[in-house]
Amino acid sequence: QSVLTQPPSASGTPGQRVTISCSGSSSNIGSNTVNWYQQLPGTAPKLLIYSNNQRPSGVPDRFSGSKSGTSASLAISGLQSEDEADYYCATWDDSLNGVVFGGGTKLTVL
Amino acid sequence: QLQLQESGSGLVKPSQTLSLTCAVSDGSISSGGYSWSWIRQPPGKGLEWIGFIYHSGSTYYNPSLKSRVTISVDRSKNQFSLKLSSVTAADTAVYFCARGDYYMDVWGKGTTVTVSS
């Protein structure tokens, strides 16, 4: 059981906007910034969003992140087939004194 | 662009020690004040943070693994390492090394470690 809760799956059609949620608590999301990773099949994770809503160089602006209270969200607009991947949220947990990941959300592009 | 490459024993016997190395190329492990992390992913499951080492040498480990984990840096070889003792089948996973601590912006491709007799 992961400290951060994500829906196991999400789906959308090309061009659509989808959101993936990440729920935590006051000791993690509530007091620290959230990061998101994209893991394409058979590959290593890639940093997608850091510090709640910052995109690393090279990440399309179709990807955006937000945080409110003890929850965070990843939004993908203009969905493309190549967005089909697993998405993980992560943050620091003050109680555990370590990095915690969500269980991951498998995004399917229909 | 900085690159990371994991290497080490792909098959480890139960109760033995898993040892992995992450070689840093196209950049220096000592520059930029970066931290260096290890993360693993059991077959068909999600990501699990193992720990990281600060530029200063201080380490932070997953509480569930802390008693068995050691992360160290060898600046002369431009690499960092992971040792996990007393392994069991539950330690079978793909192990990734990465740059960063609270977030990891450069990842290795990962190496599969199987614990089996």
Side-chain angles (χ1 to χ4, degrees), chain A residues 1-9 20 22 27-29 31-59 65 67 72 74 85-107, chain B residues 1-7 20 22-25 32 34-54 58-69 71 82 90 93-113:
Chain A
Q1 194 77 338
S2 302
V3 172
L4 305 179
T5 301
Q6 297 180 236
S9 64
I20 297 172
C22 176
S27 67
N28 42 66
I29 293 178
S31 50
N32 296 288
T33 58
V34 178
N35 311 302
W36 290 90
Y37 298 90
Q38 177 193 57
Q39 187 176 31
L40 298 171
T43 70
K46 168 190 171 184
L47 181 64
L48 202 61
I49 297 286
Y50 67 96
S51 297
N52 298 332
N53 54 19
Q54 302 299 301
R55 284 187 307 277
S57 175
V59 173
K67 180 187 125 172
L74 172 71
D86 292 324
Y87 293 84
Y88 295 90
C89 59
T91 186
W92 184 262
D93 190 293
D94 294 333
S95 296
L96 296 175
N97 211 29
V99 174
V100 290
F101 284 95
T105 298
K106 183 176 183 62
L107 175 63
Chain B
Q1 173 74 343
L2 190 85
Q3 296 187 64
L4 305 178
Q5 178 66 59
E6 304 89 348
S7 63
L20 297 176
C22 183
V24 179
S25 59
Y34 290 104
S35 301
W36 304 93
S37 293
W38 287 95
I39 304 95
R40 70 181 183 179
Q41 186 170 35
K45 296 188 177 181
L47 302 171
E48 180 182 28
W49 174 71
I50 298 173
F52 61 74
I53 184 166
Y54 274 142
S58 299
T59 51
Y60 280 83
Y61 299 134
N62 186 323
S64 68
L65 301 172
K66 188 173 184 177
S67 63
R68 300 193 291 129
V69 173
I71 296 175
L82 168 71
V94 176
Y95 285 75
F96 298 99
C97 61
R99 184 179 74 175
D101 39 54
Y102 303 133
Y103 65 84
M104 303 86 171
D105 63 347
V106 180
W107 292 65
K109 293 182 178 181
T111 188
T112 299
V113 177

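Chain A is the first sequence line, chain B the second, and so forth, proteins listed ahead of strands; every chain is numbered from 1. All values below were derived from every heavy atom in this structure, side-chain atoms included, with hydrogens, water molecules and symmetry-related copies excluded.
In this structure, the side chain of Tyr61(B) engages the main chain of Ile71(B) through a donor-acceptor pair within 3.5 Å. Using modelled atom types, no side-chain atom of Thr105(A) and backbone atom of Ser9(A) make a donor-acceptor pair closer than 3.5 Å. Panel note: side chain Gln6(A), backbone Cys89(A); a donor-acceptor pair is recorded below 3.5 Å.
Proximity to chain B (any heavy atom under 4.5 Å) is shown, for Pro45(A), by both the backbone and the side chain. With a 4.5 Å cut-off on non-hydrogen atoms, Ile39(B) touches chain A through its side chain but not through its backbone. Of the two parts of Tyr60(B), only the side chain, counted from C-beta on, holds a non-hydrogen atom closer than 4.5 Å to a non-hydrogen atom of chain A. Both the backbone and the side chain of Asn97(A) have a heavy atom closer than 4.5 Å to some heavy atom of chain B. Contacts of Asn62(B) with chain A are absent, with no heavy-atom separation under 4.5 Å from either backbone or side chain. If you measure heavy-atom distances from Phe96(B) to chain A, the contacts under 4.5 Å come from the side chain alone.
Options Gly98(A), Gly104(A), Gly103(A) differ in how many heavy-atom pairs under 4.5 Å they form with chain B, and the most are formed by Gly98(A). Annotation: maximal heavy-atom pairing with chain A below 4.5 Å, among Gly100(B), Gly110(B), Gly46(B), occurs at Gly46(B).
Under the 30°/60° scheme for interplanar angles, the aromatic rings of Phe101(A) and Tyr88(A) are found to stand perpendicular.
No side-chain heavy atom of Arg40(B) sits less than 4.5 Å from a side-chain heavy atom of Val94(B).
A donor-acceptor pair shorter than 3.5 Å cannot be found between the side chains of Asn52(A) and Thr33(A).
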